[in-house]
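Reading through the structure tokens given below for one structure.
Below, chains carry the letters A, B, ... as their sequence lines are ordered, and counting in each starts from 1. All values derive from a computational prediction rather than experimental measurement.
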Amino acid sequence: MVDLRTTVAGISFRNPLWLASGIWGESGNSLKGAWDAGAGGVVTKSIGSEPRLGYPNPTIETYDKWGMLNAMGLPNPGIAEYPQEIEVARSAGATVIGSVFGADADEFAALAGRMAATGVVAIELNLSCPHAKGLGSEIGQDPDQVRDVVAAVKRAVRIPVIAKITPNHYDVPMLAEAAENAGADAISAINTVRAMAVDVRLRRPVLAHGSGGLSGPAIKPVGLACVWQIYERVKIPIIGIGGIISADDVIEYLLAGARAVQVGTAVAFEGIGIFHRLREDLSTRLAALGVATTGELVGAGHRGAGAA
Amino acid sequence: MVDLRTTVAGISFRNPLWLASGIWGESGNSLKGAWDAGAGGVVTKSIGSEPRLGYPNPTIETYDKWGMLNAMGLPNPGIAEYPQEIEVARSAGATVIGSVFGADADEFAALAGRMAATGVVAIELNLSCPHAKGLGSEIGQDPDQVRDVVAAVKRAVRIPVIAKITPNHYDVPMLAEAAENAGADAISAINTVRAMAVDVRLRRPVLAHGSGGLSGPAIKPVGLACVWQIYERVKIPIIGIGGIISADDVIEYLLAGARAVQVGTAVAFEGIGIFHRLREDLSTRLAALGVATTGELVGAGHRGAGAA
Amino acid sequence: MRTITEVSERIVETPSTVTLRFRYAPSALPGQFVMIWLPGDDELPMSLSYTGESKGVTIKAMGATTRAALSIPAGAPVGIRGPYGNHFDLTPKRILLVGGGSGTAVLAPAAEAAARSGGSVVSALGATTAAELLFLDRARGFSETVEVATDDGSRGHHGFVTDVSQRLLSEREFDAVWTCGPEVMMRKVIAAAEPRHVPVFCSMERQMKCALGMCDACALGPYHVCTDGPVFPAPQLAALPEFGRTKRDSSGRKVPL
Amino acid sequence: MRTITEVSERIVETPSTVTLRFRYAPSALPGQFVMIWLPGDDELPMSLSYTGESKGVTIKAMGATTRAALSIPAGAPVGIRGPYGNHFDLTPKRILLVGGGSGTAVLAPAAEAAARSGGSVVSALGATTAAELLFLDRARGFSETVEVATDDGSRGHHGFVTDVSQRLLSEREFDAVWTCGPEVMMRKVIAAAEPRHVPVFCSMERQMKCALGMCDACALGPYHVCTDGPVFPAPQLAALPEFGRTKRDSSGRKVPL
Ligand SMILES: Cc1cc2nc3c(=O)[nH]c(=O)nc-3n(C[C@H](O)[C@H](O)[C@H](O)COP(=O)(O)OP(=O)(O)OC[C@H]3O[C@@H](n4cnc5c(N)ncnc54)[C@H](O)[C@@H]3O)c2cc1C
Ligand SMILES: Cc1cc2nc3c(=O)[nH]c(=O)nc-3n(C[C@H](O)[C@H](O)[C@H](O)COP(=O)(O)OP(=O)(O)OC[C@H]3O[C@@H](n4cnc5c(N)ncnc54)[C@H](O)[C@@H]3O)c2cc1C
Ligand SMILES: Cc1cc2nc3c(=O)[nH]c(=O)nc-3n(C[C@H](O)[C@H](O)[C@H](O)COP(=O)(O)O)c2cc1C
Ligand SMILES: Cc1cc2nc3c(=O)[nH]c(=O)nc-3n(C[C@H](O)[C@H](O)[C@H](O)COP(=O)(O)O)c2cc1C
Ligand code: FES
Ligand code: FES
């Protein structure tokens with residue numbers, strides 16, 4: 001039997017398939033649902049200091065089965081009300097990673113502290129939302145600010161800190177390095193790719209916000225390039241994100257250097273049952289490839305041609 | 001009848017559907033072929049100072065009908081031999097735009113000068129190839145270098161200069177502004193999106209070069225966001241590129257602010273006949289929308305809700 | 001993946017409710033909903049009140065967007081995606097329909113389908129006042145009997161529609177109850193049907209954004225109304241502390257209904 | 001979109017030529033080619049020498065990559081995409097096959113198909129020396145007659161295979177000539193067939209990168225060998241100044257053949 005357990009930053013996960021932030025992550029019941037469906041870890045919706053309604057609809061646009069565009073605008077119930085949601089998931093046994101976003105290092109640190117107090121196993125810093133002004137990617141595209149945020153959060157919490165990196169940059173690994181230098185325990189990459197849709201009949205953007213972020217299979221090649229390049233520049237573990245919908249996608253990310261992965265848009269395309277299917281398919285596929293643990297594959301693509 | 005003629009930087013094109021650089025653009029006969037098939041303008045392969053063999057195969061990977069990954073490595077016959085190719089296309093009546101790439105402002109300027117002497121109607125500067133070290137995107141991601149290159153080229157040639165911009169940046173419109181400030185006559189956007197594929201069986205990158213550039217429908221939302229944002233920051237005309245395969249795609253780009261578009265990967269998916277089909281479909285669609293000239297639509301998406 | 005279509009017809013149903021008809025090709029089952037984009041405004045979930053080739057939604061003014069929707073003229077472009085969600089099971093033959101306010105919108109096409117395939121429908125319709133009774137004529141078409149209740153007594157029973165449905169449940173045999181309306185109303189319908197072992201199916205409403213079972217906006221206990229619903233069998237709802245009590249606002253916070 | 005498959009069998013055909021067999025499901029027609037990826041090395045266009053479910057390519061050592069390919073063992077993984085390009089038209093019944101060197105690789109499956117469907121094939125095979133004659137036994141299977149020419153006279157006619165084909169064309173009636181080999185050879189075949197009005201079809205080779213009719217690497221006059229070919233009717237080729245004279249190298253420069 002293939003052993004799917006994986007350890008990231010000292011925390012052990014029953015499998016490397018995590019629920020990505022923003023999907024099934026606003027309510028505790030849904031986090032529990034994703035856990036019950038087989039996810040190895042569940043990342044919460046990115047939580048801020050105050051409740052945020054997000055942008056008006058339309059907030060999403062889909063492209064067949066290969067992509068999705070969204071500009072939710074970081075709706076979230078706010079950190080004050082969120083502990084009760086996490087409690088629902090934690091008391092069901094879920095391994096919960098708490099995602100937070102803020103406008104500066106102080107806000108990130110304060111939020112991370114309150115999030116850590118809920119009993120999450122790690123903090124994920126959303127440094128990469130492409131469509132929320134002044135939040136996320138404006139900070140995440142500047143290595144100095146990344147360093148400041150990560151350092152402040154590291155001072156505020158004892159649990160591992162994961163920096164989630166944007167792909168919308170000419171030098172993505174530099175951002176990961178900045179996070180590593182400031183003490184980040186892991187990197188997750190990528191968030192969505194800045195994108196847009198225009199309605200031809202109505203002559204206006206489809207999304208109420210105008211631009212948004214592209215996710216789904218279309219961005220898998222983008223996420224792989226980021227993970228591959230980050231792996232060549234940092235030593236801390238990487239969590240691969242972007243377009244994963246099959247066991248082979250997961251293996252591609254492992255080979256590129258990811259130790260775990262997150263699944264987002266595929267949940268919309270297939271339902272939460274995707275975690276069960278991916279887990280089964282991954283076991284079968286790894287067994288067929290003669291691999292006993294996912295760890296064997298992490299970064300193996302960099303070591304030149306392995307046996308087929 | 002819908003009038004498809006369009007004027008970009010003072011040059012008139014019989015329709016706004018151009019052949020993108022790197023597709024059917026190495027040989028004069030192919031440029032002529034694309035022109036005969038109905039393209040409104042044909043952009044040459046990016047030409048350098050010396051012949052370049054490009055990377056070994058595999059140089060491409062395809063994803064169903066929604067994307068393609070390539071790392072050709074800018075193969076080209078070199079500027080010395082290229083005039084004879086352009087002559088084949090020009091003598092057939094084609095409106096040829098000459099694309100060049102170089103390592104610095106001087107090389108760009110020298111190349112542009114030699115290219116202009118071949119009788120092309122405009123120069124496109126490839127400031128954006130995501131997979132050729134030291135060329136293209138390393139320059140194209142730095143606004144200072146963009147400014148220097150464009151300024152040097154403007155001094156060297158009298159014909160319009162189009163700066164082709166990378167999407168792999170956190171602030172794409174800033175790059176366009178840099179080009180405009182240095183005197184560029186138009187912006188074309190986008191080149192491919194940095195991306196990668198890893199083979200699961202062989203545990204190695206699929207492309208011989210490792211990483212490459214994503215093109216095709218998957219990047220249309222990315223290209224649209226770039227064109228939209230560039231339109232809000234520059235006054236010079238924009239040529240929209242990325243994922244165009246239908247008349248509605250063309251109209252989306254027009255609404256976002258493009259005055260013309262380029263078609264690349266769709267030629268691989270559908271053949272050169274796509275220019276004829278797009279031209280017919282565009283006429284039909286514009287007529288149905290009650291539009292008499294493509295010019296009416298340029299940037300119309302920004303003016304709020306038009307009538308449907 | 002939205003289809004822009006024109007409103008082909010606009011029917012004023014009540015002072016606060018209009019039906020918009022439009023061509024939209026994808027086939028739909030009674031109970032399903034669409035996301036309807038009112039360009040320049042918002043995109044809202046709306047049950048299909050007509051599920052044939054010419055589809056329709058029946059919109060009640062609740063807040064800013066639905067109020068604006070009331071003045072959308074015929075010919076106006078709207079964006080449609082869907083249909084989404086599950087639908088009413090049409091196998092039960094003797095059906096009690098309990099519609100509160102605009103809730104009748106989603107029940108009507110289901111009842112019509114049931115009647116067409118040989119079922120018998122008894123309808124209990126409630127509204128604040130007579131003028132607000134939705135689809136009264138339409139209900140006469142698909143029902144054996146139509147009974148009415150108004151809060152102000154301007155027509156039919158003076159009081160709650162649940163008084164009427166409770167009486168009907170005690171007088172007649174039913175294979176199923178289909179209901180849509182305020183959750184307190186549906187709670188009462190369930191309470192009345194339970195001792196008689198008549199299964200109840202409720203069409204639920206929650207905030208919606210993606211309608212794809214992804215964003216969590218429509219979370220209702222362990223369910224997503226957009227993909228697990230909107231039609232829920234009563235036992236699923238009865239187990240939920242939030243049913244009839246709280247919903248989530250756009251931020252995901254629990255707020256009173 | 002590559003399929004990684006294992007070499008199921010490796011057959012040494014001549015001192016400089018091996019056939020690699022492998023399972024590859026997509027159906028192919030004789031004349032079509034695949035892109036075969038020799039991981040760690042290169043990806044090359046190769047005509048299918050076997051087009052059934054168990055496919056095969058027959059590789060002649062030309063340069064570094066093809067030399068390396070010769071030592072690929074059975075069981076080794078290779079990547080396949082395709083098949084690409086057009087194919088031989090199998091309607092002509094009396095066929096003259098003229099194969100120069102490894103050119104016979106692409107002609108053999110076409111000739112087999114022709115023979116199976118009642119056609120008659122006469123084969124003229126040429127090589128530098130007897131040991132390099134490709135598919136001689138296989139040709140005996142699908143041909144009525146097999147004639148041979150070697151540059152060194154070690155077997156059959158001492159001289160060019162075109163001498164043999166010219167004679168055959170004068171002795172017999174043919175509906176079509178299929179040929180593959182060096183372009184100067186094919187030029188001569190065309191010249192001999194023209195006065196007799198026998199249509200000639202040539203399988204052409206050029207540098208290939210995308211194989212999708214996009215990158216222009218395989219440009220041959222107004223054609224792309226990957227999508228307009230590799231099989232060309234002689235009149236298309238005869239009109240091209242580069243036929244038999246120049247090709248383009250990896251940079252797109254014209255170089256002598
Ligand atoms: C599956 C589904 C089907 C629906 N079908 C119909 C239908 O056929 N006809 C119809 O008129 N409406 C229907 N609705 C409800 C409709 O979507 C909401 O009434 C509408 O979103 C309110 O928009 P607004 O901007 O006008 O009101 P808002 O300004 O958003 O709110 C006005 C008031 O209504 C409440 N409200 C808003 N949205 C909802 C909601 N989803 N559920 C309950 N209360 C809400 C608010 O809390 C507030 O009290 C349906 C909802 C769902 C989820
Ligand atoms: C459609 C098609 C089908 C082919 N089918 C077969 C086949 O069935 N069996 C087979 O052995 N080969 C076939 N080839 C040719 C084969 O692809 C080349 O011989 C091979 O690419 C040479 O690779 P190399 O790296 O070993 O040689 P290189 O080192 O690249 O070159 C060695 C020598 O061969 C020449 N050469 C390289 N490529 C070509 C080419 N495509 N055409 C002509 N000369 C070339 C070079 O100029 C040089 O002189 C086919 C080519 C095409 C385009
Ligand atoms: C609807 C939606 C909401 C998202 N919300 C968040 C969020 O709140 N925080 C965050 O870090 N990422 C968010 N993301 C990004 C995802 O976590 C993920 O990085 C991205 O979608 C790529 O993965 P995928 O292709 O598997 O969806 C969101 C994505 C989607 C589609
Ligand atoms: C095979 C290939 C080769 C390309 N070569 C060049 C090039 O030489 N110069 C350049 O500026 N862009 C080049 N591009 C980028 C295209 O011109 C275009 O910007 C990009 O592919 C997006 O458009 P598309 O989605 O329509 O293909 C190339 C693209 C492809 C797919
Ligand atoms: S509306 Fe997004 S999950 Fe239901
Ligand atoms: S190989 Fe690219 S066009 Fe033929």
Side-chain angles (χ1 to χ4, degrees), chain A residues 61 63-67 69 130 137-138 140-142 166-172 193-205 210-212 214 217-229 247-249 251-253 255-256 285 289 297 300-308, chain B residues 61 63-67 69 130 137-138 140-142 166-172 193-205 210-212 214 217-229 247-249 251-253 255-256 285 289 297 300-308:
Chain A
E61 170 72 330
Y63 303 94
D64 284 315
K65 287 286 174 196
W66 58 258
L69 181 66
S137 82
E138 260 97 353
Q141 77 206 17
D142 176 356
T166 179
N168 302 305
H169 200 284
Y170 60 84
D171 192 350
V172 173
V193 177
R194 188 188 43 237
M196 190 167 180
V198 180
D199 190 274
V200 161
R201 290 281 310 279
L202 304 172
R203 301 192 189 176
R204 60 186 308 144
S211 66
L214 186 65
I219 68 165
K220 187 189 70 171
V222 180
L224 281 168
C226 290
V227 168
W228 183 280
Q229 289 167 2
D248 274 20
D249 295 338
I251 299 173
E252 272 194 84
Y253 271 103
L255 292 169
R285 191 75 166 120
L289 294 171
L297 294 181
H302 296 254
R303 296 192 282 277
Chain B
E61 170 72 330
Y63 303 94
D64 284 312
K65 287 286 173 197
W66 57 260
L69 182 66
S137 85
E138 263 98 353
Q141 76 206 15
D142 176 356
T166 177
N168 301 305
H169 199 283
Y170 59 84
D171 193 350
V172 173
V193 177
R194 187 189 44 236
M196 188 167 182
V198 181
D199 191 274
V200 162
R201 290 279 312 279
L202 304 172
R203 301 190 190 177
R204 61 186 308 144
S211 66
L214 187 65
I219 69 164
K220 187 190 69 169
V222 180
L224 280 169
C226 290
V227 168
W228 183 280
Q229 290 167 2
D248 274 21
D249 296 337
I251 299 174
E252 273 195 84
Y253 272 101
L255 292 169
R285 190 74 166 120
L289 294 171
L297 293 180
H302 296 254
R303 296 192 283 276

Under 4.5 Å to a heavy atom of chain B? For A:Glu61 that would be neither
With sequence neighbours left out, the residues meeting salt bridge (Lys or Arg N to Asp or Glu O under 4.0 Å) with A:Asp171 are A:Arg233
Chain A shares the most heavy-atom pairs under 4.5 Å, among B:His169, B:Met196, B:Lys220, B:Arg285, with B:Met196
* Asked: What's the verdict on side-chain contact (heavy atoms from CB on, under 4.5 Å) for B:Tyr170 and A:Thr166, showing C-alpha distance, side-chain angles and the deciding distance?
  -> CA-CA 9 Å; B:Tyr170 59 84; A:Thr166 179; over 6 Å; no
### Query
Hey, does the side chain of B:Arg203 reach the backbone of A:Leu297 with a donor-acceptor pair shorter than 3.5 angstrom?
no
Counting heavy-atom pairs under 4.5 Å with chain B, the top scorer among A:Gly67, A:Pro217, A:Pro167 is A:Pro217
- Can you tell me if B:Arg194 uses its side chain to pair, donor with acceptor, with the backbone of A:Cys226 under 3.5 Å? no
Looking only at heavy atoms, the pair that brings B:Val200 and A:Ile251 closest together is CG1-CG2, 3.7 Å
Closest non-hydrogen contact found for B:Trp66 with A:Ala218 is CZ3-CA, 3.5 Å
Heavy-atom closest pair (B:Leu224 atom, A:Ala197 atom, distance to 0.1 Å) is CD1-CA, 4.4 Å
Answer key: most heavy-atom pairs under 4.5 Å with chain A among B:Gly223, B:Pro221, B:Ala225 is B:Pro221
When the 4.5 angstrom heavy-atom criterion is applied to A:Asp64 and chain B, the contacting part is neither
